[in-house]
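Lettering follows sequence order; numbering is per chain, from 1.
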Amino acid sequence: MIFKKRTHTCGELRLTDINSQITLNGWVSKKRDLGGLLFIDIRDRYGLTQIKIAPENTEAYTKAIKLGQEFVISVSGKVIKRESINKNIPTGEIEIEVSEIEVLNESEVPPFVIEEDVKASDELRLKYRYLDIRRKNISDNLILRSKVSHIVHRYFEKNNFVEIETPVLMKSTPEGARDYLVPSRVHKGKFYALPQSPQIYKQILMVSGMDRYVQICKCFRDEDLRADRQPEFTQIDLEMSFVTQDDVFEILEGMFGEIWKEVKGIELPVKFRRMTYDEAMKNYGSDKPDLRIRGDMKIENLSEIVKNSEFKVFQDALSVKAGVVAGIKLSGKEVTRKIIDSLTDFIKKLGFGGLGYLKYNSDGTVQSPMTKFLTEEILTGIKELFKAENGDTVFILSGENLKVLQSLGSLRLKFAEDFKLTDETIYEFLWVTDFPLFHYDEEEKRFFAEHHVFTMPKDEYIKFLDSRDKDEVESIRANCYDLVLNGHEITSGSIRIHKPDIQKKVFDMIGLTDEEAKMKFGFILEAFRYGAPPHGGAAVGYDRVIAILAGLKSITDTIAFPKTLRATSLMDECPSEVSGIQLEELGIEISKPAVKQ
RNA sequence: GGAGUCGUAGUUCAGUUGGUUAGAACGCCUGACUGUCACUCAGGAGGUCGCGAGUUCGAGUCUCGUCGAUUCCGCCA
């Protein structure tokens, strides 16, 4: 098909282009028919330009009058100054006096109007994603994503990293998340797995001497989804040899520094704040604290102050070994009966009997259902600890340590949201370090690796690898770290075990026999026997980073073709059934679901 | 796997205590209008109230089931 190709995009013409003869290609966005004069906004991904068609130009006018929304057109004409300026768009000072118009393609009436402030539901937008992407709000995210990708590639090349592609069809390793499986036709009854991350390959590449590896890669996890979790997502995956934790931090700080500088024009600190996991849990009840919250709202431990209290709820909590009484202060907000009730509801859903509170009224009195159980000394102690002033409210929970801290952490976030205490204009990066290596699972009565089985314990804890005492084992801290941004985990990594004896002890701890270890991880263990260098790395949750840069709550709109929470694609309707022949070739039979009565 | 919210015109929504012919806005179609930019004005078409069952003289409205979207917990780095 021959057509007049564009000389400019729909976003670039300005006053300086006046009198130029130009051609634009794009979509009909809006038509304003004044009976005689006809104005049309023509759109492409660069912007919007108004074209003017006068009835005197009979041929162009007859064509133009019949144009519908989303028709694809080529218009040629002269750039002229507008009689009345539109300040809302960059091309608002000019318009095109059309001499010639060509319809390149017609369009059916779209199922929703393509405009920035779209009214359509997510469901409809996903079904017609190609129309959704015509909206600037979405296309800008994809363009941003591409820009960051270029920055990342450039940065790592400059830092002497090698970009290596690792297999998408790999061996299923049952540790961690559920794998997506791909049946093998050649080996009936056997399956490949799609990578949850290229973890094992990148460590083997370190054994190969590749030294500094990076890859922006797709990862897959067959788990239930959330707003910030898609079944397939993207990581910036990296691994380095002969490094310590600080070297990995430095490389990533540099990377985020460049991204923020180029995308946001913001200079990030050269080094990010750091906090240990234990500090984060103790102060914020979370391993990914949001540090943007005004007043910080740290959790305070009240166990010492109330230990002699006769209040039964506190006594019960403190009588068990891991029991604690702790609280959090909400400053200067009017806490009504209604708010207390809704907070109590919130806390009850987390498994508590109730929520204690001390409300310091403006007249100096203290309002609380607990005052009658607490002595003057205790009340003073609490008030002093929190530096509570009139108008503040202190909320108190008691029970098992971790649960109390996490729940106060949730409460902290809820306060931040309900009372708008978060400074949305800043970016708070934070390294959380020294994660526990293991946790004990009460149901399965065994230890599990907190991060993954190749994580190196910190030197001073290696002695506990032979212990089986729950407290001792759970006290082991690892060379394992997360990077947290505004309360979101955006990077996770560790220094890996490169010594076979330590690796064996870790396998022993999680109850993996030599034989099982060999079956699951044999190839990597074998590789490690041939001179594995000390190494470590991390993986950056790319979709989340883009979402934060774009100011989005969900990662969905950072992805061109995302899936729903039930892991389907509404546009192409996958997953879908396959033919009997396809199944037969794979040696697969579908078991019939039990008929419901 | 569990809990919540939502599902009514092409779209976004309203629809009272269960009661006659289910409404609005935008979009669409027709007509008028030569400086609009959310153009304006006049008229018109457009409905399996997600689907199925039940209660009832009568269901968009109540009950149960089911499907889909979404938020959270479990799960997941």
Side-chain angles (χ1 to χ4, degrees), chain A residues 29-42 48-56 61 66 68-70 80-89 91-93 95 97 108-128 131 175-179 196-197 199 219-231 233 235 237 287-288 345-346 349-351 406-407 410 413-414 432 435 443 448-452 455 480-484 488-494 538-541 544 553-554 556 563-568 570 573 596-597:
Chain A
S29 176
K30 205 100 194 185
K31 205 165 94 179
R32 290 177 293 276
D33 177 4
L34 272 58
L37 268 187
L38 177 59
F39 295 100
I40 292 173
D41 291 335
I42 176 171
L48 210 66
T49 302
Q50 171 166 287
I51 63 173
K52 185 186 88 174
I53 305 115
E56 290 74 33
Y61 189 78
K66 282 186 284 196
Q69 286 205 41
E70 303 308 318
I80 57 169
K81 188 172 191 293
R82 286 205 199 182
E83 284 186 21
S84 54
I85 289 166
N86 182 350
K87 292 207 177 81
N88 300 321
I89 55 172
T91 62
E93 289 187 280
E95 65 191 358
E97 192 169 56
E108 287 184 21
V109 176
F112 57 89
V113 182
I114 294 158
E115 53 196 346
E116 285 191 34
D117 192 16
V118 76
K119 287 189 185 114
S121 63
D122 292 347
E123 199 172 346
L124 202 69
R125 286 174 45 214
L126 287 180
K127 183 170 176 195
Y128 298 96
L131 298 181
E175 292 290 310
R178 192 178 296 115
D179 283 327
Q196 298 171 24
S197 86
Q199 185 63 37
C219 303
F220 307 84
R221 287 179 192 154
D222 189 2
E223 293 292 346
D224 288 346
L225 307 170
R226 289 286 190 283
D228 62 351
R229 273 193 239 154
Q230 283 271 320
F233 60 100
Q235 285 188 347
D237 193 49
D287 60 1
K288 43 179 180 180
D345 241 33
F346 177 78
K349 277 182 195 149
L350 297 174
Q406 285 175 338
S407 302
S410 310
L413 293 179
K414 188 171 164 56
V432 178
F435 274 77
E443 275 179 29
F448 276 82
E450 189 75 30
H451 183 66
H452 58 59
T455 305
C480 183
Y481 36 81
D482 281 357
L483 181 61
V484 175
H488 302 277
E489 177 204 317
I490 57 163
T491 297
S492 188
S494 63
V540 178
R544 286 184 193 175
K553 287 235 183 311
S554 159
T556 313
K563 295 193 170 47
T564 69
L565 286 190
R566 294 190 63 246
T568 63
L570 297 177
E573 294 181 318
K596 280 185 186 170
Q597 289 298 316

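Side-chain atoms of A/Q196 and A/R178 form no donor-acceptor pair, as typed in the model, at a separation below 3.5 Å.
Among the nucleotides B/C33, B/U71, B/A69, the one closest to the side chain of A/L570 is B/A69.
Using a 4.0 Å heavy-atom criterion, one finds that A/E115 contacts no nucleic acid atom at all. Using a 4.0 Å heavy-atom cutoff across all strands shown, A/E95 reaches at least one base atom of the nucleic acid.
Nucleotide B/C62 forms a Watson-Crick or G-U wobble pair with B/G54, both donor-acceptor distances falling under 3.5 Å. As the counterpart of B/A77, no nucleotide is assigned, since no Watson-Crick or G-U wobble pattern has both distances under 3.5 Å. Using Watson-Crick or G-U wobble geometry with both donor-acceptor distances under 3.5 Å, B/U17 finds no partner in any strand shown. Using Watson-Crick or G-U wobble geometry with both donor-acceptor distances under 3.5 Å, B/A24 finds its partner in B/U12. With a cut-off of 3.5 Å on both Watson-Crick or G-U wobble distances, the partner of B/A69 is given as B/U5. Checking B/C39 for Watson-Crick or G-U wobble geometry (two distances, each under 3.5 Å) identifies no partner in any strand.
Between B/C39 and A/R32, a contact under 4.0 Å exists linking OP1 or OP2 to a side-chain N or O. For the pair A/T564 and B/A69, the criterion of a side-chain N or O lying under 4.0 Å from OP1 or OP2 is met. Phosphate proximity of B/G27 to A/Q69: absent, as no side-chain N or O sits under 4.0 Å from OP1 or OP2.
By the 6.0 Å contact criterion, NZ on A/K31 is enclosed, its count of non-hydrogen atoms from other residues, nucleotides or ligands being greater than 12.
You cannot call A/F112 stacked on the base of B/U11; the centres under 5.5 Å and planes under 30° rule is not satisfied.
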